[in-house]
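Nothing here was measured: the structure is a model prediction, and the numbers come from that model. Residues take their numbers from the sequence shown, with the count starting at 1.
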Amino acid sequence: MMSPLPPPGAPLQHYVSTAPFDPLATEGMTAAQSRIHLASQKQLMWWKFKQHRLALISGVFLLAVYLMIFVVEFLAPYGLHTRNVDFIHSPPQRVHLFHEGSFVGPFVYGRSMSLDIDTLRRNYTDRPSDVQPIRFFCRGDPYQFWGVIKSDLHLVCPAIGGQMYLLGTDRLGRDVLSRILYGARISLTIGLIGIAISFCLGIVIGGLAGYWGGPFDLIVQRLIEILQSLPSLPLWMALAAIMPVTWSPIVIYFGITVILGIIDWTGLARAVRSKLLALREEDYVQAAQLMGASTPRVIGRHLVPGFMSHLIASATISIPGMILGETALSFLGLGLRPPITSWGILLTEAKSVSVIAFYPWLLFPIIPVVLVILAFNFLGDGLRDAADPYK
């Protein structure tokens with residue numbers, strides 16, 4: 001039965017709860033709704049990032065690759081400059097588990113070399129009677145771990161007195177797999193150092209242009225347009241050619257990173273400028289200005305954190321450009337030079353068509369380049385989607 005209506009003219013009764021307001025109250029919510037309601041923004045971003053499976057796999061892969069560069073000496077079966085003149089341009093060896101129907105474990109067959117007098121090409125044939133088991137956690141070529149600690153412990157080694165060239169050898173009889181692992185240390189770190197330089201320039205210059213505006217913004221925009229109108233590859237070549245040939249390889253390495261960082265800051269600067277133009281009119285920015293906060297503090301403490309997720313996503317997309325830039329310069333002979341080893345330097349072995357036709361395994365260094373570039377792109381897509389978890 002319905003309650004009677006109050007008589008006309010009578011005041012309406014109001015029911016007000018005297019309990020204190022709790023913004024985290026979850027009455028009337030399901031368990032899943034309350035979990036999302038109580039989650040922080042970082043938790044929401046992580047949950048959304050995990051839904052992007054390809055980005056998650058790419059992130060794990062890149063983490064493993066970057067951790068690998070700390071223990072390259074241990075992972076590589078041979079030393080960086082170890083040569084075997086009896087196995088020059090030896091093709092990759094296959095890993096076997098069974099020999100004549102019985103399980104032996106991972107092993108390779110020994111090889112014999114014969115020289116073709118007509119073509120002067122070395123021909124290698126496996127000897128099925130020569131079983132060479134692969135050793136693990138073994139003693140091999142001596143090395144200095146990070147140039148400090150002397151050791152000869154390796155994760156995997158060939159049999160004693162045997163050979164194991166899983167990706168073949170180059171024109172000097174050096175193991176291609178070991179050189180790819182050593183080259184990862186240079187090619188991967190050059191992207192991180194270059195993006196650090198690019199971020200410093202892009203955030204500072206783009207931030208000041210977006211925050212101050214006026215003539216400074218006009219000058220910065222014209223400078224960016226001039227730099228972006230120049231062809232990238234000829235500009236890289238010109239800047240790399242400026243470095244004297246008498247410089248040591250380490251100095252050239254840092255010179256290449258500075259060049260890549262200087263060239264790549266323009267796109268980030270424009271992105272930062274556009275974000276700051278939109279955020280500088282917010283109330284919290286004007287409140288900071290009225291309280292006497294300096295320009296660096298307003299930009300660094302209040303504005304930049306507001307789109308830090310966008311900057312992280314931009315970094316994951318810019319690092320592949322740095323790696324490709326170093327690879328291209330080194331391939332053209334204008335970047336790093338031996339004895340420094342990078343993926344670009346390794347690809348210089350496959351410049352001629354005849355080398356590619358006879359020794360196609362010298363192109364294997366391009367495989368990690370492609371995998372790392374794709375992984376960074378997929379990771380950038382996932383981070384960009386997770387940057388706004390409320391969509």
Tell me, please, which residues at least two apart from Cys200 pass disulfide (SG to SG under 2.5 Å). none

Heavy-atom distance under 4.5 Å between the side chains of [X] and [Y], does that happen here?
{"X": "Val272", "Y": "Phe199", "answer": "no"}
{"X": "Phe107", "Y": "Val95", "answer": "no"}
{"X": "Val108", "Y": "His96", "answer": "no"}

Summary of salt bridge (Lys or Arg N to Asp or Glu O under 4.0 Å) pairs that have at least one residue in [range], sequence neighbours excluded:
{"range": "residues 369-379", "result": "none"}
{"range": "residues 100-114", "result": "Arg111-Asp126"}
{"range": "residues 366-381", "result": "Asp381-Arg384"}

Quick one: list whatever passes side-chain hydrogen bond (donor to acceptor under 3.5 Å, both in side chains) with [X], sequence neighbours left out.
{"X": "Arg122", "value": "none"}
{"X": "Thr189", "value": "Tyr253"}
{"X": "Gln221", "value": "Asp217, Arg270"}

What pairs of residues pass the disulfide bond (SG atoms under 2.5 Å apart) test when at least one of them lies in [range], not counting sequence neighbours?
{"range": "residues 255-296", "value": "none"}
{"range": "residues 246-279", "value": "none"}
{"range": "residues 93-193", "value": "Cys138-Cys157"}
{"range": "residues 72-115", "value": "none"}

If a pair satisfies side-chain hydrogen bond (donor to acceptor under 3.5 Å, both in side chains) and one of its residues is in residues 63-87, list it, with sequence neighbours excluded. Glu73-Arg185, Thr82-Asp141, Asn84-Tyr165

